Amino acid sequence: MSAIVAIVGRPNVGKSTLFNRLIQKREAIVDAVSGVTRDRHYGKSEWNGRVFSVIDTGGYVLGSDDVFEKEIDKQVELAIDEADVIVFVVDVESGITGMDEDVAKILRRVKKPVLLCVNKVDSSKRMDDTYEFYNLALGDFYPIASISGSGTGELLDAVVEALPPISERDEEDELPRFAVVGRPNAGKSSLINALIGEERYIVTDIAGTTRDSIDTKYNRFGFEFNLVDTAGIRRKSKVKEDLEFYSVMRSVRAIEHSDVILLVLDATRGFDGQVQNIFWLAHRNNKGIVILVNKWDLVEKDTMTTKAFTDQIHQITAPFTDVPIVFISVLNKQRIFKAIETAVEVYQNRSRKIKTRELNDVMLPIIENTPPPALKGKYIKIKFCTQLPTPYPQFAFFCNLPQYVKDPYKRFLENQLREHFDFSGVPISIFMRKK
Ligand code: GDP
Ligand code: GDP
């Protein structure tokens, strides 16, 4: 679980430039490994060995100019709810504007760390212009130039300093953590109510180690698990419209804090772009995934079969095609037990450890039969492989020329691993190492 840093501020101050600078280095590595296109407004950053998530809230502003101002205020409020640290960006070129003052007013009331960041300080002349920002009454600020990166080191030092301590997972508590996520109206609250509505299933109510999220322990259908609820879900009534931004923030929080996500989608809407975003978010965070196709009661069964639906989804998630899909109707309480049972299985798959001996016995003959294609006349020889001692499945393949092994071959290896071992519902990472 990593902490969340939200970048807020009015349009054009340089939020997305700063965002790109903060995530750049690490994202490049992640993308090379997973080959997954990244969300342009959400990414991971690493500084002084600490990993954290960064959200560019500006990327989620919707609507025309006249609703802009209200949007920004709302965005800031939501960022305050969900983030651990808030980076407030202003622009030295334009000085303090009315919108800056509005945002500052909101932020002054906040208990969470707020780092004021004066951007576009490209020269020493500009440095002299920064002093007016003391008028925002947010204390000291960080003069930076996102475009060149100048000053961002100091900002990052301060960000890392302000992050909450890494929450040690309670050793005793090895229960699976499930999070229910999905688009607005998919039926998440209904599912949660169906699962936990009846108080008697609640074992204890522990305030989470992170401020806003609540883990509640349940014993249901004979399984014990923690349901990761977020402040967002509880405070839903505060936000009347369902902003995409809001649901992304909520999902990020819930996903990072869980082992397996129950991705609820509305059968009448399908596995659309926004659902896919949440899916890849979970995938990139190496979380187990169960897809719950809800409102199955509304679907004409002769026009749409479970097989057709499943094929459609798997086409998009390939080579990760063993993601379990459960067709449910929360309304009719259909297959809700199956959903939880499947989530428990995925949880077990995620902690599966294959012995090195067994892994090599299976994989080496396959590799021998179908070796990586030679590149520039050089033969690539994979000598052995091993599962890394990480909390989720990652595999290292040792070979003479690791940089020559391309993504299609890694996908082939992933397919083979999935075929021979049960990693259903679990993202797999494959690394090539020099030997
Ligand atoms: P956002 O709307 O807050 O996300 O702002 P953008 O990141 O899109 O930046 C708005 C404009 O400011 C772009 O033209 C950027 O190139 C420019 N900009 C961003 N950072 C700097 C900086 O450090 N110095 C200067 N001179 N321009 C910058
Ligand atoms: P959330 O925004 O994802 O929390 O969605 P809700 O749980 O509030 O559900 C949105 C709407 O879908 C509500 O009107 C529910 O009654 C309805 N709904 C939820 N599950 C089902 C289902 O299985 N079948 C049908 N027909 N409607 C459902």
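We use all heavy atoms of the structure for the numbers below, so side chains are in, but hydrogens, waters and symmetry mates are not. Counting starts at 1 for both ligands and their atoms, in listed order. Note that the structure is a prediction, hence the values are computed from the model and not measured.
- By the 3.5 Å distance cut-off applied to N or O atoms, Thr17 is counted among the residues near ligand 1.
- When the heavy-atom distances from atom 19 (C) of ligand 2 to Gly182, Ala267, Ser190, Ser189 are ranked, the shortest goes to Ser190.
- Given atom 28 (C) of ligand 1, the protein heavy atom at minimum distance is Ile147 CD1, 3.5 Å.
- In summary, the atoms of ligand 2 found under 4.0 Å from a heavy atom of Asp297, numbered by their order in the structure, are 22 (C), 23 (O), 24 (N), 25 (C), 26 (N).
- With a 4.5 Å cut-off on side-chain heavy atoms, Asp407 and Lys410 count as touching.
- Residue nearest to atom 3 (O) of ligand 1, selected from Arg126, Lys15, Glu93, Arg21: Lys15 (by heavy-atom distance).
- Distances from atom 14 (O) of ligand 1 to the protein include no heavy-atom value under 4.0 Å.
- Looking only at protein heavy atoms, the nearest one to atom 21 (C) of ligand 1 is Lys120 CG, 3.6 Å.
- The two residues Val181 and Ala254 have their closest heavy-atom pair at CG1-CB, 3.9 Å.
- Of the N or O atoms in Gly14, one or more lie within a sub-3.5 Å distance of an N or O in ligand 1.
- Scanning all protein heavy atoms for the shortest distance to atom 4 (O) of ligand 1 gives Ser16 N, 2.8 Å.
- At least one N or O atom of Asn185 sits closer than 3.5 Å to an N or O atom of ligand 2.
- Looking only at protein heavy atoms, the nearest one to atom 25 (C) of ligand 1 is Asp122 OD2, 3.3 Å.
- Between Asn332 and Trp296, the side chains place no donor N or O within less than 3.5 Å of an acceptor N or O (distance only, hydrogens not considered).
- For the residue pair Ser53 / Glu256, a side-chain donor-acceptor distance below 3.5 Å is found, with atom types taken as modelled.
- Considering both main-chain and side-chain atoms, Gly187 comes within under 3.5 Å of ligand 2 through a nitrogen or oxygen pair.
- For Lys44 and Phe52, the positive end is not near the middle of the six-membered ring at less than 6.0 Å and at most 45° from its axis.
- Among all protein heavy atoms, the one lying closest to atom 2 (O) of ligand 1 is Asn12 N, 2.7 Å.
- The closest side-chain heavy-atom distance from Asn286 to Ser429 is below 4.5 Å.
- At the shortest separation from atom 23 (O) of ligand 1 among protein heavy atoms lies Ser146 N, 3.0 Å.
- Looking at Val330 next to ligand 2, an N or O pair under 3.5 Å apart turns up.
- Within 6.0 Å of CD in Gln315 there are 12 or fewer heavy atoms belonging to other residues, nucleotides or ligands.
- Annotation for Lys105: atom NZ does not count as buried by contact number, only 12 or fewer foreign heavy atoms lying within 6.0 Å.
- Within the 4.0 Å heavy-atom cutoff, Arg183 counts among the residues contacting ligand 2.
- In the vicinity of Leu298, heavy-atom distances shorter than 4.0 Å reach the ligand 2 atoms 26 (N).
- Residue-to-ligand polar distances keep Asp56 apart from ligand 1: every N/O pair is separated by 3.5 Å or more.
- Near Ser329, meaning under 4.0 Å from any of its heavy atoms, are these atoms of ligand 2: 23 (O).
- Looking at Asn119 and Ser146, their side chains do bring a donor and an acceptor atom within 3.5 Å of each other.
- Of the polar atoms of Ile144, none of the N or O atoms is found under 3.5 Å from an N or O of ligand 1, judged by distance alone.
- Among protein heavy atoms, atom 20 (N) of ligand 1 sits closest to Asn119 ND2, 3.2 Å.
- No side-chain donor from either of Asn415 and Arg418 sits under 3.5 Å from a side-chain acceptor of the other.
- No donor-acceptor contact under 3.5 angstrom links the side chains of Ser329 and Arg335, judged on distance only.
- Geometrically, ligand 2 and Leu331 share a nitrogen or oxygen pair separated by less than 3.5 Å.
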